[in-house]
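Each ligand, and each atom within it, is numbered from 1 in the order the structure gives. Heavy-atom basis, side chains included; hydrogens, waters and symmetry copies ignored.
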Amino acid sequence: MTRRVAIFISGGGSNMVSLVDSMTGDHPARPCLVLSNAADAGGLTKARARGVATAVVDHRPFKGDRPAFEAALNAVLRDHAPDLICLAGFMRVLTEGFVGGWQGRILNIHPSLLPKYRGLNTHARALEAGEREAGCTVHEVTPELDEGPILGQSRVPVLDGDTPETLAKRVLKQEHILYPAVLRRFAEGDRRPIYLP
Ligand code: GRF
């Protein structure tokens with residue numbers, strides 16, 4: 001049975017593009033929706049160009065009422081009936097109320113080697129700490145931020161003279177390889193983690 005995948009974005013959606021473009025041929029999943037909290041997210045245009053349904057649920061009218069925002073998310077999801085959700089550059093924190101309804105079926109990619117550097121500005125913090133390697137992690141989403149079971153990681157070297165921008169670019173290339181690989185395995189029901197390179 002083909003698994004239906006909803007992808008949440010907030011910006012350019014480069015990870016979303018990698019995921020959508022990977023779901024072809026004998027892949028056990030297909031994209032059913034790209035949802036953004038930002039109507040001007042560049043990824044929405046890329047999704048539409050690929051024939052994927054899109055939706056926008058702007059978080060701003062729900063300011064201070066996360067459950068109401070998440071109820072609006074779930075109302076859209078009910079129309080598209082995904083089996084899995086992939087967070088891909090989605091910049092809103094989801095509460096236990098939402099995550100609990102999707103636990104075991106919702107993934108995220110984070111630009112650090114978790115459990116190191118949860119939260120934001122991961123590359124600047126890794127450089128500040130003098131790390132000699134960095135990378136990205138795909139994990140199951142649980143109510144605690146960036147805490148869920150690890151499903152995959154990819155490591156890159158930190159090079160002399162790296163800035164947060166040069167490091168982010170190197171890590172992003174690995175994200176585009178790791179996330180599709182993890183999604184395919186996860187969609188097949190296999191939760192064994194993938195470690196790259
Ligand atoms: C990526 O670094 C990803 O790890 C983080 O958001 C950034 C932008 O992702 N979650 P994308 O280009 O919008 O997919």
Side-chain angles (χ1 to χ4, degrees), residues 5-23 29 31 33-50 52 54-59 73 82 84-94 98-99 102 106-128 131 133-142 144-158 162-184 186 193-197:
V5 178
I7 305 171
F8 286 15
I9 66 170
S10 295
S14 70
N15 274 290
M16 175 275 296
V17 167
S18 300
L19 292 171
V20 167
D21 289 353
S22 76
M23 289 185 262
L33 173 68
V34 171
L35 181 150
S36 179
N37 63 298
D40 62 351
L44 291 169
T45 306
K46 297 169 190 170
R48 293 177 190 128
R50 287 163 172 77
V52 182
T54 61
V56 174
V57 180
D58 188 337
H59 62 280
L73 291 176
L84 301 173
I85 296 174
C86 288
L87 307 182
F90 186 64
M91 302 310 280
R92 307 305 299 171
V93 173
L94 295 166
F98 182 87
V99 172
W102 291 96
I106 179 168
L107 309 182
N108 181 47
I109 188 155
H110 179 77
S112 80
L113 295 173
L114 292 173
K116 285 189 168 185
Y117 308 113
R118 293 188 180 96
L120 300 174
N121 304 315
T122 59
H123 303 307
R125 291 157 58 200
L127 291 174
E128 183 66 30
E131 299 286 357
E133 69 173 8
C136 50
T137 302
V138 177
H139 62 95
E140 285 193 46
V141 176
T142 57
E144 301 75 32
L145 185 67
D146 301 330
E147 281 262 354
I150 290 176
L151 295 170
Q153 287 191 317
S154 184
R155 295 171 186 276
V156 299
V158 172
D162 259 335
T163 63
E165 293 69 30
T166 59
L167 183 53
K169 196 172 174 186
R170 191 173 310 125
V171 171
L172 195 59
K173 278 188 188 143
Q174 293 303 311
E175 294 177 30
H176 297 160
I177 298 166
L178 179 68
Y179 212 170
V182 170
L183 173 60
R184 179 167 188 140
F186 194 85
I194 296 174
Y195 291 101
L196 302 175

Tell me the closest heavy-atom pair linking [X] and [Y], and the distance in Å.
| X | Y | answer |
| --- | --- | --- |
| A41 | I9 | CB-CD1, 4.3 Å |
| G135 | V171 | O-CG1, 3.5 Å |
| L127 | P164 | CD1-N, 3.4 Å |

*Which protein residues have a heavy atom under 4.0 Å from ligand 1?*
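Ligand 1 pocket, heavy atoms under 4.0 Å: G12, G13, S14, N15, G89, I109, P111, L172, E175.
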
*Do L33 and P82 come within less than 4.5 Å of each other through their side chains, counting heavy atoms only?*
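Contact flag for L33/P82 side chains = no.
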
_Classify the ring geometry of F98 against F8: parallel below 30°, tilted from 30° to 60°, perpendicular beyond 60°._
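F98 vs F8 ring planes: tilted.
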
*Taking NZ, NE, NH1 and NH2 as the nitrogens, is one of them in R118 or E144 under 4.0 Å from a carboxylate oxygen of the other?*
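Salt bridge absent between R118 and E144.
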
